[in-house]
Amino acid sequence: MSAPDVAERLAAVHARIAAVERPFTHAVDVVAVTKGFTSAAVRSAVFAGCTAVGENYAQELLTKRDVLTELQPSVHFIGRLQSNKVRSIAALVSLWETLDRPSVIKEVAKRAPGARVLIQVNATGEAGKGGCDPAEAGELVTLARAEGLVVEGLMTVGPTDGTPADAEPGFRVVRALVDELGLATCSMGMTADLDVAVAAGATQVRVGTALFGPRPAR
Ligand SMILES: *Cc1c(COP(=O)(O)O)cnc(C)c1O
């Protein structure tokens with residue numbers, strides 16, 4: 001995908017966001033999710049005007065080290081975080097979005113002191129999915145702060161199955177938690193359900209397919 005193509009698709013994503021009726025006045029940031037694509041996609045995204053990219057896998061992120069160092073987008077880590085991978089990517093990550101348990105909070109605090117982070121919440125109750133129970137989010141925010149991290153907000157992923165509308169209840173739970181905890185960032189919504197997320201109060205959507213097309217099989 002060339003930079004002009006990505007720019008056109010990014011404009012379409014911004015138009016989708018602008019079309020959502022919402023009672024909020026905050027801006028909605030778009031994170032370009034480049035997982036599954038090469039460094040060329042990162043380059044196109046940055047040239048198209050994306051200032052933040054999202055990556056899910058430590059190993060893959062490291063293959064894009066050169067382009068990330070050269071173009072300096074904000075790099076959001078949005079995948080399942082394994083403690084033993086934190087160290088290798090710490091220098092490249094600008095925002096850790098998926099802290100969901102004490103062990104990874106402590107590891108990020110150790111390898112990336114003072115880093116900006118989000119706590120990931122599993123608001124769908126699906127087993128085996130990343131994210132803490134909504135009832136634990138406050139405690140994890142407190143722990144992360146005690147460890148010296150800068151907690152900017154919460155992140156969540158909609159249900160794996162179902163229609164985009166099925167994501168709404170979980171998104172509302174997470175938005176309410178963001179408000180209750182006095183946080184700023186509410187990262188939720190992907191290509192399929194970003195409209196629902198923005199209506200529910202997302203301040204950040206993470207978009208891959210709508211910008212780059214379907215991902216090649218891993
Ligand atoms: C892959 C992924 C996205 C982007 O998904 P699309 O449907 O391609 O927009 C967003 N967030 C997370 C956590 C992801 O894993």
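Every heavy atom of this structure was used, including side-chain atoms; hydrogens, water molecules and symmetry mates were not. Just so you know, ligand 1 is whichever comes first in the structure, and atom 1 is the first atom listed for that ligand.
Tested against Cys132 for a side chain to side chain contact (heavy atoms under 4.5 Å, CB included), the candidates Ile119, Leu99, Asn122 yield a single pass: Ile119.
Side-chain contact of Thr124 with Lys129: a donor-acceptor pair under 3.5 Å is present, judged by distance alone.
Under 4.0 Å from ligand 1, not a single heavy atom of Gln120 appears.
Rounding to the nearest 0.5 Å gives a distance of 12.0 Å between CG of Leu211 and CD of Glu8. In this structure, the separation between CG on Leu68 and CD on Glu55 is 7.0 Å, given to the nearest 0.5 Å.
When only interatomic distances are considered, the shortest N/O to N/O separation between Ala192 and ligand 1 does not fall below 3.5 Å.
Minimum heavy-atom separation, Val108 to Ala115: CG1-CB, 4.4 Å.
Ranked by closest heavy atom to atom 2 (C) of ligand 1, the top entry among Arg206, Lys35, Met190 is Lys35. Of the listed options Asp193, Val205, Ile78, Leu211, Ile78 places a heavy atom closest to atom 12 (C) of ligand 1.
Shown in contact with Gly208 at under 4.0 Å from a heavy atom are these atoms of ligand 1, numbered in order with element: 4 (C), 6 (P), 8 (O), 9 (O). Contact atoms of ligand 1 toward Val207: 9 (O) (distance under 4.0 Å to a heavy atom of the residue). Near Thr209, the atoms of ligand 1 lying under 4.0 angstrom from a non-hydrogen atom of the residue are 6 (P), 7 (O), 8 (O), 9 (O). Near Met155, meaning under 4.0 Å from one of its heavy atoms, ligand 1 places the atoms 13 (C). Atoms of ligand 1 found under 4.0 Å from any heavy atom of Asn56, numbered from 1 in the order shown, are 14 (C), 15 (O).
A salt bridge is defined here as a Lys NZ or Arg NE, NH1 or NH2 lying under 4.0 Å from an Asp or Glu carboxylate O, and Arg9 with Asp5 fails to meet this definition.
If you check which protein heavy atom lies closest to atom 9 (O) of ligand 1, you get Thr191 OG1, 2.5 Å.
Contact between Arg215 and ligand 1 is present, with at least one heavy atom of the residue lying under 4.0 Å from the ligand.
A donor-acceptor contact shorter than 3.5 Å is absent between the side chain of His76 and the backbone of Ala32. Judged purely by atom type and a 3.5 angstrom limit, Thr98 uses its side chain to pair as donor or acceptor with the backbone of Gly79.
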